[in-house]
**Q** 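Here's a structure for you.
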Amino acid sequence: MSEPSAVPIDPKLVAALRGAKFVAALTGAGISAESGIATFRDAQTGLWARFDPRELATPSAFARNPQRVWDWYAWRRERVASAEPNPGHRALAALERRFPEFVLITQNVDGLHQRAGSRNMVELHGNIARVKCSREGTVVARWDACGEGVPRCPRCGAYLRPDVVWFEEMLPEDALATAEDAARRCEVLLVVGTSAEVYPAAALPESARACGAIVVEVNPEATPLSERAHHVLRGPAGVVLPALVSALD
Ligand code: BJW
């Protein structure tokens, strides 16, 4: 892995960040890639290699085959539990401490930002550690993780499901409102490790840009956002974000 100082960062971006009072960040699966959590676009390995993750994260997949979807999430929950936050997560937590106002908006469900020390944050797509009743939506504190079959709601007997947002489901209203407010008010928006294709999260950078924010993409690959971003920092988040923090020192 290259040294943080090897990442070229435009002095204009450094100056803008030094003068900023409100910075926001939008993260996606790419920031957890260096913690060993596969992104949605990457081919899955092992047992789940033949399933498209985007096709498992839907209400219809759960209706068709609840066991398969439950097992996929159980497998991912285990991987998340044994993963550790990486330098990219920690750099964002360090940035939060640096600015008077900082909001971290994540599409990830893995809880690694919190474990890295981020506090003022919004989870747009839920959290894989929680489960809820598939009928009533009530979050259930305890369930039998080791038993056979998909566990049932202790109140109504319906299947339990992960408390995450699947395609065609509404995002939590408060979380989306906070994210949209941050996008409209921030001076700089860092967009890290997302393919910028899944809405409504993918609309936040454009909203920030329209309200005058500087939009910065951190991603080793081009995305639909790349041409609209004011700055593109090509590289893995675990290298680029620590370099950005160092450049501000
Ligand atoms: C690195 C890296 C490294 C690699 N460092 N980077 C408007 C227009 C068109 C469509 C829609 C629209 N509004 C709504 C829709 C429909 C749909 C949608 O957007 N579809 C698109 C596919 C077009 N949206 C929805 O359905 C949303 N709901 C909604 O809008 O409700 C209203 C509604 C109701 C009824 C009907 C229609 C609308 C809900 C979206 C929920 C998404 N849920 C998931 C699963 C969450 C739970 C789980 O984890 O299992 O969220 S799907 C998946 O995609 C997950 C992610 O959070 C999300 C985004 O993916 P992300 O994070 O960008 O990951 P990847 O893998 O795609 O990209 C990784 C990136 O990292 C890559 O770019 C790499 O290069 C990069 N990378 N290593 C930095 N080291």
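Numbering of ligands and ligand atoms starts at 1, following listing order.
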**Q** With respect to Gln107, determine whether any N or O atom, backbone or side chain, lies less than 3.5 Å from an N or O atom of ligand 1.
**A** yes
**Q** Could you check whether Gln107 and Thr194, counting side-chain N and O atoms only, form a donor-acceptor pair closer than 3.5 Å?
**A** yes
**Q** Given Glu221 and Arg234, is the salt bridge (Lys or Arg N to Asp or Glu O under 4.0 Å) satisfied, shown in steps?
**A** CA-CA 7 Å; Glu221 307 286 337; Arg234 279 274 168 261; over 6 Å; no
**Q** Return yes or no for this condition: an N or O of Trp72 is under 3.5 Å from an N or O of ligand 1.
**A** no
**Q** Given the rule in the salt bridge (Lys or Arg N to Asp or Glu O under 4.0 Å) test, do Arg77 and Asp71 qualify, once you have shown the distances and angles that lead to the verdict?
**A** CA-CA 10 Å; Arg77 205 178 284 120; Asp71 288 349; over 6 Å; no
**Q** In terms of the angle between their ring planes, are Trp166 and Tyr73 parallel, tilted or perpendicular, with boundaries placed at 30° and 60°?
**A** tilted
**Q** Considering Ser226, Ala202, Ala57, Ala237, which one's heavy-atom position lies nearest to atom 5 (N) of ligand 1?
**A** Ala237
**Q** For atom 44 (C) of ligand 1, state whether the nearest protein heavy atom is under 4.0 Å away.
**A** yes
**Q** Hey, is ligand 1 close enough to Ala196 that some N/O pair sits below 3.5 Å?
**A** no
**Q** Counting non-hydrogen protein atoms only, what is the nearest one to atom 70 (C) of ligand 1? Give residue, atom name and distance.
**A** Gly193 O, 3.4 Å
**Q** Return yes or no for this condition: an N or O of Phe40 is under 3.5 Å from an N or O of ligand 1.
**A** yes
**Q** Would you kindly specify which portion of Ile31 sits under 4.0 Å from ligand 1, judged on non-hydrogen atoms: side chain, backbone, both or neither?
**A** neither
**Q** Show me, pair by pair, the donor-acceptor contacts under 3.5 angstrom made by side chains of residues 198-213, not counting sequence neighbours?
**A**
{"unit_1": "Glu206", "atom_1": "OE1", "unit_2": "Arg228", "atom_2": "NE", "d": "3.2"}
{"unit_1": "Glu206", "atom_1": "OE2", "unit_2": "Arg228", "atom_2": "NH2", "d": "2.7"}
{"unit_1": "Arg209", "atom_1": "NH1", "unit_2": "Arg228", "atom_2": "O", "d": "2.4"}

**Q** Closest by any non-hydrogen atom to atom 1 (C) of ligand 1: pick that one out of Pro220, Ala201, Ala33, Pro236.
**A** Pro220
**Q** To which of Arg41, Glu217, Glu197 does the heavy atom nearest atom 21 (C) of ligand 1 belong?
**A** Glu197
**Q** Can an N or O of Val165 be found at a distance shorter than 3.5 Å from an N or O of ligand 1?
**A** yes
**Q** For atom 38 (C) of ligand 1, is the nearest protein heavy atom under 4.0 Å away?
**A** no
**Q** Please list the nearest protein heavy atom to atom 12 (C) of ligand 1 with its residue and the distance rounded to 0.1 Å.
**A** Tyr199 CB, 3.4 Å
**Q** Cation-pi check for Phe51 against Arg68: NZ or CZ below 6.0 Å from the six-membered ring centre and within 45 degrees of the axis, yes or no?
**A** no
**Q** Among protein heavy atoms, which sits nearest to atom 20 (N) of ligand 1, and what does the distance come to when rounded to 0.1 Å?
**A** Phe167 CE2, 3.9 Å
**Q** For the residue pair Asp249 / Ser246, report whether a side-chain donor-acceptor contact shorter than 3.5 Å exists.
**A** no
**Q** Under 3.5 Å between any N/O of Arg76 and any N/O of ligand 1: does that happen in this structure?
**A** yes
**Q** Counting only nitrogen or oxygen atoms and a 3.5 angstrom limit, does His125 reach ligand 1?
**A** yes
**Q** Are side-chain N/O atoms of Glu217 and Ser226 paired as donor and acceptor at under 3.5 Å?
**A** yes
**Q** Among Met170, Glu169, Glu168, whose heavy atom sits nearest atom 29 (C) of ligand 1?
**A** Glu169
